[in-house]
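Proteins come first, then strands; the chains are lettered A, B, ... in the order of their sequence lines, and each starts at number 1. Every heavy atom of this structure was used, including side-chain atoms; hydrogens, water molecules and symmetry mates were not. Just so it is clear, the model here is predicted, and its values are computed rather than measured.
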There are 2 protein chains.
Amino acid sequence: MPGTDASATQAPRRQATDEPKPKPKSATPLSAERIVEAALAQIAERGVERFSLRDVARTLGVYPTAVYWYFRSRNELLAAVCAAAQRDIVPPPRQGDWQAWLRELFRRYRQAMRTHPHLAQLVGAQMLSNASLDLTLVDGILHMLQQAGCPDGPLVDLYNAVVAALCGYPTIELAPLPAEDPMGWAADLQQRVHQIPAMQHPVLARHLHRMADRSFVLRWTPGTQQPLDGGFDAYVEIFIAGLEARLAAARAG
Amino acid sequence: MPGTDASATQAPRRQATDEPKPKPKSATPLSAERIVEAALAQIAERGVERFSLRDVARTLGVYPTAVYWYFRSRNELLAAVCAAAQRDIVPPPRQGDWQAWLRELFRRYRQAMRTHPHLAQLVGAQMLSNASLDLTLVDGILHMLQQAGCPDGPLVDLYNAVVAALCGYPTIELAPLPAEDPMGWAADLQQRVHQIPAMQHPVLARHLHRMADRSFVLRWTPGTQQPLDGGFDAYVEIFIAGLEARLAAARAG
DNA sequence: ACCTGAACACCGTTCAAGT
DNA sequence: ACCTGAACACCGTTCAAGT
């Protein structure tokens, strides 16, 4: 008797080995593009949190280890996915109206994140420096700032402010809400929001009917389903107006 | 013959079972606070990515499953950790000078994220709605907006813009750089940055010496080690100036 | 060059059992 | 009430082997 492990003498009960079930032999050959495509689809469907390399391999009908021929690690695959989602966000150069160019850049970035919902948190919060060095973005922003009359002194600071502002709103707006038991969580938050004591928070209570589920912290519907457009527009216009003021001050002083 | 699995007839080679090694019997009893504290320390040290519930249990000298008495899941523990990191970010009410209050709020939020480095991505990009409904923050921002003369119409939009801006910069600034082989990655990026073709990107090339490692996309040193203060100050002042302009327009129209 | 196949060292979580 | 202990169904990754 080998021991108390009853299963040891039986056939290994590991479920059906690692054989890729769905597509025993895929017609099209494996490629980096196909892997990125499959990963993109899976993240859009289930979120980054529950994205798994093994699942990607399963849907492609190959062994998990086959992916390693194209990507050195899971993170490298995610970086490629982020790079793919960031295509075409830089508007073509525009004469004279830097405000319009910047507005369009903000709009495109948000649009790109909206078409790949669960990717905003990766692009904004993790992969910004990992992504494949998008020089057209950097160059475009610098061009815009110079066109707006920005002196060399504050150029770098303003560049950093622009990039952060660019990623900011979509990252927060499209942040994933709790994945486990989302219905229960939503119901719970909804109830707590509606039970906010009016005398402790008079200002909040007065505007609650317009804020409930339509503002950060007090919302339970994710930004993918319910965009907060008004806030975004305000955000963009605030930033552009503030940049105008800041540039005027910089040129004067 | 049971099969080809040679190890089946031997003692299970799983490494030393799950026994908690470091502290065989902890003097202080387990508690939600101690777990949060341990989790906070571990995230600060190794990042959210490699944070594990089992490791937290190990450092506390208990079985992994003991944590489940206090938290229903790993995510719920992370939410508690986020809530702990967000303490005291709302400044006390201030008379007359809403700009100063807002500036202080921005400063405090960034400071809180800086003291818990790897948490910004969670607070900003994941837990904003999961966190424990910080009504003082909501109320404080609404108060500030009203004090600034904001009409009821655009109030919600401006609130959303403020919250997004609040989280935006620190989330991007403190985003974790690639964890695996950071040295190699940094060297690689550094080299690529310095090899940027000057004729293809004339504007960029002219400012490269001040931008390399000191601006988003072109940096390889993480924001925890090298803060981008100038960009943050510009960002805050741009937002406040823009908000002033926007409010003036709202009151007029 | 491109992929299979087995194995390693982990995970989070569930459930029953101890005290 | 609070924690142990074993087990389940996964992970990402390495390494050798096939073709």
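For the pair B:Arg110 and B:Phe232, the cation sits on the ring face: its NZ or CZ lies under 6.0 Å from the ring centre, inside 45° of the axis.
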Given the rule in the side-chain hydrogen bond (donor to acceptor under 3.5 Å, both in side chains) test, do A:Asp134 and A:Thr136 qualify, once you have shown the distances and angles that lead to the verdict? CA-CA 6 Å; A:Asp134 191 350; A:Thr136 64; 2.7 Å; yes
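Distance from the side chain of A:Ser52 is smallest to D:dC11 among C:dC11, C:dT4, D:dC11.
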Give the dot-bracket line for DNA chain C from 5' end to 3' end: parentheses for intra-strand Watson-Crick or G-U pairs under 3.5 Å, square brackets for crossings, | for inter-strand pairing, dots for unpaired. ||.|||||...|||||.||
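Checking the phosphate oxygens (OP1, OP2) of D:dG5, a side-chain nitrogen or oxygen of B:Tyr63 falls inside 4.0 Å.
For the pair A:Thr171 and A:Val123, the minimum side-chain heavy-atom distance is 4.5 Å or more. A 4.5 Å side-chain heavy-atom check between B:Leu135 and A:Val217 finds every atom pair outside the cut-off.
At distances below 3.5 Å, not a single donor-acceptor pair connects side-chain atoms of A:Gln226 with backbone N or O atoms of A:Arg214. With hydrogens and angles disregarded, a donor-acceptor distance shorter than 3.5 Å links the side chain of A:Ser73 to the backbone of A:Glu76. Side-chain N or O atoms of B:Arg219 include none that pairs as donor or acceptor with a backbone N or O of B:Ala212 at under 3.5 Å. The main-chain N or O of A:Ala165 is found under 3.5 Å from a side-chain atom of A:Tyr235 such that the two form a donor-acceptor pair.
Here B:Tyr169 and B:Phe216 bring their ring centres to under 6.0 angstrom of each other.
Of the residues in residues 37-47 of chain A, not one places a heavy atom less than 4.0 Å from an atom of DNA chain D.
Per the geometry, OH belonging to A:Tyr70 stands 8 Å off C1' belonging to C:dC3, to the nearest Å. For the pair B:Trp69 CH2 and D:dC3 P, the computed distance is 9 Å after rounding to whole Å. Separating the CD atom of A:Glu49 from the C1' atom of D:dC11 is a distance of 14 Å, rounded to the nearest angstrom. Taking atom CG of residue A:Leu60 and atom C1' of nucleotide C:dT4, one finds them 15 Å apart after rounding to whole Å. Going from atom CG of B:Leu78 over to atom P of C:dG12 covers 10 Å, rounded to whole Å.
Among the atoms of the strands shown, none is found under 4.0 Å from any heavy atom of A:Phe71.
Applying the 6.0 Å contact sphere to CZ of A:Arg72 captures no more than 12 heavy atoms from other residues, nucleotides or ligands. Counting heavy-atom neighbours within 6.0 Å of B:Arg114 CZ, excluding the residue itself, gives a total above 12.
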Polar atom pairs (N or O), protein with nucleotides 13-17 of chain D, under 3.5 Å:
{"residue": "D:dT13", "atom": "OP2", "partner": "A:Tyr68", "partner atom": "OH", "Å": "2.7"}
{"residue": "D:dT13", "atom": "OP2", "partner": "A:Arg74", "partner atom": "N", "Å": "2.8"}
{"residue": "D:dT13", "atom": "O5'", "partner": "A:Tyr68", "partner atom": "OH", "Å": "3.0"}

